[in-house]
Amino acid sequence: MTYQLDFGWLIGSLPVLLKGIRITVQLILIGAVFGVALGISCAWVRALGPKWLKPVVATYVELIRNTPFLIQLFFIFFGLPSLGIRMSELTAANLAMIVNLGAYSCEIIRAGIQATPRGQFEAGASLAMTPLQTFWHVVLVPALQRIWPALSSQIVIVMLGSAVVSQIAAEDLTFAANFIQSRNFRAFETYIVSTLIYLVLASLLRQLLASLGWMLFPRKASR
């Protein structure tokens with residue numbers, strides 16, 4: 001008995017797939033922008049911030065990095081309503097991705113900050129800059145330049161991990177694939193197509209981040 005591939009359902013399912021792709025792209029764009037911003041803020045606290053705030057950020061980072069993303073998502077969507085905090089599926093998914101990427105990017109960026117020569121901090125102080133001004137104008141850009149490949153890889157990992165948001169009925173690409181498969185019963189073909197779409201999205205995201213790195217750090221690109 002041979003299995004006959006059938007992709008005839010694909011054209012009729014394009015609207016559902018395109019909506020899933022749109023939601024997945026939206027999730028990663030929001031998650032990446034705000035997650036990296038959160039990571040930068042936390043990295044500053046851990047490396048140069050006030051002592052009383054460092055344990056708070058350290059606890060957040062260790063908690064997120066040592067628990068599954070799916071549990072974090074469930075806690076936000078199913079747990080927080082017990083405290084009176086309710087949100088839509090997409091809002092919960094966005095928040096979970098921001099919190100998750102923020103913790104991981106914090107440690108990546110902190111590594112770049114710690115590799116900064118001490119002389120750069122002293123140069124900022126000699127110009128009468130505050131610690132925050134020194135961090136923003138003197139330390140951050142070279143630190144990001146050093147860790148950009150690692151940070152880019154983490155963003156792609158979070159994008160691929162976003163597939164689990166379908167577990168709370170957020171209508172991403174995986175949700176769309178599951179919905180289509182439940183209608184056409186062609187699991188092999190449906191998940192082959194969704195796998196290829198994720199592959200294309202990941203490749204495009206890597207290229208986009210690489211191009212962004214060249215734009216942000218032209219000196220590095222000219223070497």
Asker: Counting C-beta onward and ignoring hydrogens, is there a side-chain heavy-atom pair between Ser162 and Thr24 closer than 4.5 Å?
Answerer: yes
Asker: Cluster partners of Leu204, using ILVMFWY side-chain heavy atoms under 4.5 angstrom, listed by chain and number?
Answerer: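 When side chains under 4.5 Å apart are linked, the cluster holding Leu204 also contains Val200.
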Asker: Do Gln154 and Ser105 come close enough that some side-chain heavy atom pair is under 4.5 Å?
Answerer: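 Not touching, per the 4.5 Å side-chain cut-off.
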Asker: Quick one: side-chain hydrogen bond (donor to acceptor under 3.5 Å, both in side chains) pairs with a partner in residues 64-81, sequence neighbours left out?
Answerer: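 As it turns out, the side-chain hydrogen bond (donor to acceptor under 3.5 Å, both in side chains) pairs with a partner in residues 64-81, which skip direct neighbours, are Glu62-Asn66, Thr67-Gln72, Gln72-Asn100.
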Asker: Show the nearest heavy-atom pair for residues Ala103 and Val61, with the distance to one decimal.
Answerer: O-CG1, 3.9 Å
Asker: Any chance you could lay out the side chain to side chain contact (heavy atoms under 4.5 Å, CB included) test for Ile23 and Phe175, step after step, and finish with the verdict?
Answerer: CA-CA 10 Å; Ile23 296 298; Phe175 180 93; over 6 Å; no
Asker: For residues Ile192 and Leu199: do they belong to one hydrophobic cluster (side chain heavy atoms under 4.5 Å, members Ile, Leu, Val, Met, Phe, Trp, Tyr)?
Answerer: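 No, because Ile192 and Leu199 fall into different hydrophobic clusters, even though each may have its own neighbours under 4.5 Å.
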Asker: If hydrophobic clusters are built by linking Ile, Leu, Val, Met, Phe, Trp and Tyr wherever their side-chain heavy atoms come under 4.5 Å apart, do Ile197 and Ile11 end up in the same one?
Answerer: no
Asker: Taking a hydrophobic cluster as the set of Ile, Leu, Val, Met, Phe, Trp and Tyr residues connected by side-chain heavy atoms closer than 4.5 Å, whether directly or through intermediates, do Ile157 and Val36 fall within one such cluster?
Answerer: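 Hydrophobic grouping puts Ile157 apart from Val36.
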Asker: I need the full list of ring-ring contact (aromatic ring centres under 6.0 Å, His included) pairs touching residues 58-82, with sequence neighbours left out, sorted by first then second residue.
Answerer: Phe74-Phe78
Asker: Evaluate the side chain to side chain contact (heavy atoms under 4.5 Å, CB included) criterion for residues Val193 and Phe7: first the C-alpha distance (whole Å), next the side-chain angles of each, then the deciding distance (0.1 Å), finally the verdict.
Answerer: CA-CA 9 Å; Val193 170; Phe7 291 94; 3.8 Å; yes
Asker: Sorted by first residue and then second, give each side-chain hydrogen bond (donor to acceptor under 3.5 Å, both in side chains) pair with at least one member in residues 187-197; sequence neighbours left out.
Answerer: Tyr3-Glu189, Asn178-Tyr191, Asn184-Thr190, Arg186-Glu189
Asker: Ile30, Ile40: one ILVMFWY side-chain cluster at the under-4.5 Å cut-off?
Answerer: yes
Asker: Using the side chain to side chain contact (heavy atoms under 4.5 Å, CB included) rule, take Glu107 and Arg46 through it: C-alpha gap first, then chi angles, then the decisive distance, then the call.
Answerer: CA-CA 9 Å; Glu107 290 302 278; Arg46 297 208 69 182; 2.8 Å; yes
Asker: Take a 6.0 Å sphere around CD1 of Ile85 and say whether it holds more than 12 heavy atoms from other residues, nucleotides or ligands.
Answerer: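 Counting other residues, nucleotides and ligands, CD1 of Ile85 exceeds 12 neighbours.
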Asker: Got a sec, which pairs hit side-chain hydrogen bond (donor to acceptor under 3.5 Å, both in side chains) with one end in residues 30-45, sequence neighbours left out?
Answerer: none
Asker: Are Val141 and Leu151 in one and the same hydrophobic cluster, where Ile, Leu, Val, Met, Phe, Trp and Tyr link if side-chain heavy atoms are under 4.5 Å apart?
Answerer: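 Yes; tracing contacts between hydrophobic side chains, which count when under 4.5 Å, links both residues.
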Asker: Less than 4.5 Å apart, any side-chain heavy atom of Leu53 and any of Val56?
Answerer: yes
Asker: Listing request: all side-chain hydrogen bond (donor to acceptor under 3.5 Å, both in side chains) pairs with a residue in residues 8-23, at least two apart in sequence or in separate chains.
Answerer: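 side-chain hydrogen bond (donor to acceptor under 3.5 Å, both in side chains) check on residues 8-23 returns Lys19-Glu171.
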